[in-house]
2 protein chains.
Amino acid sequence: MAETVPVEPPSRGEQTRALILDTALRLFEEQGYEGTTMRAIAAEAGVSVGNAYYYFDSKEQLIQAFYGRNAQRHVQVAGSAMRDERDLSSRLRAVLRGWVDINERYHEFAGSFFKHAADGRSPLSPFSRESVPAREAVTSIFRDVVEGSDAKIAPALRAELPNLLWLYQMGLVLYWVHDRSPGTAKTYELIDRTVPLVVRAIALSRFRVLRGLLDDTLELVGSLTGKP
Amino acid sequence: MAETVPVEPPSRGEQTRALILDTALRLFEEQGYEGTTMRAIAAEAGVSVGNAYYYFDSKEQLIQAFYGRNAQRHVQVAGSAMRDERDLSSRLRAVLRGWVDINERYHEFAGSFFKHAADGRSPLSPFSRESVPAREAVTSIFRDVVEGSDAKIAPALRAELPNLLWLYQMGLVLYWVHDRSPGTAKTYELIDRTVPLVVRAIALSRFRVLRGLLDDTLELVGSLTGKP
DNA sequence: CGGTCGTATTGAACACGTTCAAAGGAGGCG
DNA sequence: CGCCTCCTTTGAACGTGTTCAATACGACCG
């Protein structure tokens with residue numbers, strides 16, 4: 001993991017690739033996804049449209065890069081937001097609000113972006129094989145949320161909880177995409193209202209009456225995430 | 001509801017509209033959504049492409065019609081599947097499996113279809129204003145599932161349960177879209193395994209420890225579905 | 001220096017969804 | 001019939017994402 005790899009200077013191809021990507025992401029932010037044409041990206045980057053397709057199979061694949069960059073930002077922001085906080089509710093709330101903060105400026109074109117998430121055959125789907133690294137990066141955030149808290153959680157649940165919280169965030173994202181309130185205030189409100197419920201539900205998991213249901217559910221979730 | 005309306009013979013426009021729609025849906029089934037061009041639909045129907053756009057604002061809107069037709073089928077199938085069954089699990093299971101049965105042949109192109117569901121600005125989204133009638137039709141199925149069963153359910157939950165079950169089905173659909181197992185066997189399996197869990201969770205709603213959490217959750221759901 | 005091979009780059013061409021000004025029809029009225 | 005009006009229909013044209021054969025570049029070798 002920490003081996004010293006000889007740092008090659010970026011080849012000509014990698015430079016062009018980075019140039020195209022940076023230009024594309026900038027134009028996406030300025031003019032939205034649908035409002036940005038491949039010709040415009042190529043022209044702004046000073047290359048031909050064919051050249052852009054030499055490095056990216058499709059316009060959608062440029063989104064993949066956008067997604068990855070924002071996930072990376074989320075990891076950073078979440079880390080610092082949780083540093084001095086041990087309460088599970090506070091940690092979870094900070095991480096979720098952090099995601100909304102980061103993505104707020106892209107809210108307008110995020111719809112035409114997340115819609116690919118529901119496409120089973122698209123590599124852009126968060127469930128696809130191509131998204132495994134990005135998904136695990138985000139899941140590790142939630143693992144940190146749980147592990148770094150002082151909450152008492154049943155071990156069986158503890159192991160699967162990060163995946164469940166990731167799913168919970170997916171639901172929030174879906175709400176956020178449809179949220180047209182100014183500043184996506186309703187999404188923030190939804191977070192503030194659901195986080196305590198989620199934490200309470202987690203706490204309830206230790207009760208006797210629930211253990212049967214919980215165990216069966218966890219076994220199901222485990223068998224699904226294991227070999228989908 | 002049962003008023004006698006004078007039955008006008010379908011005008012020329014309505015005939016053309018129906019012709020285009022039937023042709024489109026047939027081609028969608030035969031060649032998939034992306035594989036069917038507007039030009040092909042027009043040619044097959046014997047009209048011009050401009051004429052198709054006179055009746056349908058976009059290719060997506062043809063999907064809306066497809067969605068509506070299948071929802072209608074689901075209502076029929078669900079009704080007969082539940083006729084002689086009072087057990088909540090059996091009723092719920094029959095309705096959900098019925099949906100998968102109906103949509104099985106469209107599974108391959110359903111992905112490029114349901115992806116619009118996640119787009120906040122698309123009228124095709126099941127959360128959009130345009131989808132309210134279709135959504136209420138499906139929700140009424142689940143109301144029937146609950147009301148026609150012999151299960152004892154807390155009144156507060158009973159009122160909101162159809163909406164929650166609709167949401168549950170949305171989750172199953174999302175899984176189904178990504179399900180590549182032969183005959184979408186894994187989706188059927190998921191239904192068979194989750195239905196008992198859902199029903200047990202409903203039954204648990206009467207326990208003391210859960211009432212607080214349940215009431216808060218229901219209030220939240222109510223405020224969301226009320227004025228989104 | 002010339003030649004060769006793999007990488008980069010080009011831009012015209014293609015098929016698609018969509019638009020729109022123009023034309024066609026069908027019924028009503030004088 | 002002639003004229004008008006409204007609904008219907010047409011097909012060329014536009015801008016888009018994408019493809020591909022052709023070309024240019026650059027490093028290495030003899």
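These numbers were taken from a predicted model, which means no experiment stands behind them. In what follows, chains are A, B, ... by sequence order, proteins preceding strands, each numbered from 1.
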Take the protein atom CD of A/Glu34 and the nucleotide atom C1' of C/dG17, then report the distance between them rounded to whole Å.
-> 12 Å
Span of DNA chain D, from the first to the last nucleotide whose atoms fall under 4.0 Å of chain B heavy atoms = D/dC7 to D/dA13
With no hydrogens and no angle check, do the side chains of A/Tyr54 and A/Thr16 hold a donor and an acceptor under 3.5 Å apart?
-> no
Answer with yes or no whether the side chains of A/His107 and A/Thr184 bring together a donor and an acceptor at under 3.5 Å.
-> no
Nearest-angstrom distance from the residue atom OH of A/Tyr53 to P of C/dC14 = 17 Å
In whole angstroms, the gap separating C1' of C/dT19 from OH of B/Tyr54 amounts to 15 Å
Take atom OH of B/Tyr33 and atom C1' of C/dC16, then tell me their distance rounded to the nearest Å.
-> 12 Å
Using a heavy-atom cut-off of under 4.0 Å over every strand shown, decide if B/Tyr55 touches base, sugar-phosphate, or nothing.
-> sugar-phosphate
Six-ring centre of B/Phe28, B/Lys59 cation under 6.0 angstrom, axis tolerance 45° | no
5'-most by nearest nucleotide on DNA chain C - A/Arg39 or A/Gly46 | A/Gly46
Looking for any heavy atom pair under 4.0 Å, which part of the strands does A/Val49 touch: base, sugar-phosphate only, or nothing?
-> base
Give a yes/no verdict on a cation-pi contact between B/Arg17 and B/Phe56, requiring under 6.0 Å between NZ or CZ and the six-membered ring centre and an angle within 45° of the axis.
-> yes
Taking the six-membered ring for Trp, is the centroid-to-centroid distance between A/Trp176 and A/Tyr106 below 6.0 Å?
-> no
Rounded interatomic separation in angstrom, taking CD1 from A/Ile20 and P from C/dT9 = 7 Å
Hey, is CD on B/Gln72 packed in by over 12 heavy atoms from elsewhere, all under 6.0 Å?
-> no
Determine: side-chain N/O of A/Asn51 to OP1/OP2 of C/dT10, distance under 4.0 Å, yes or no.
-> yes
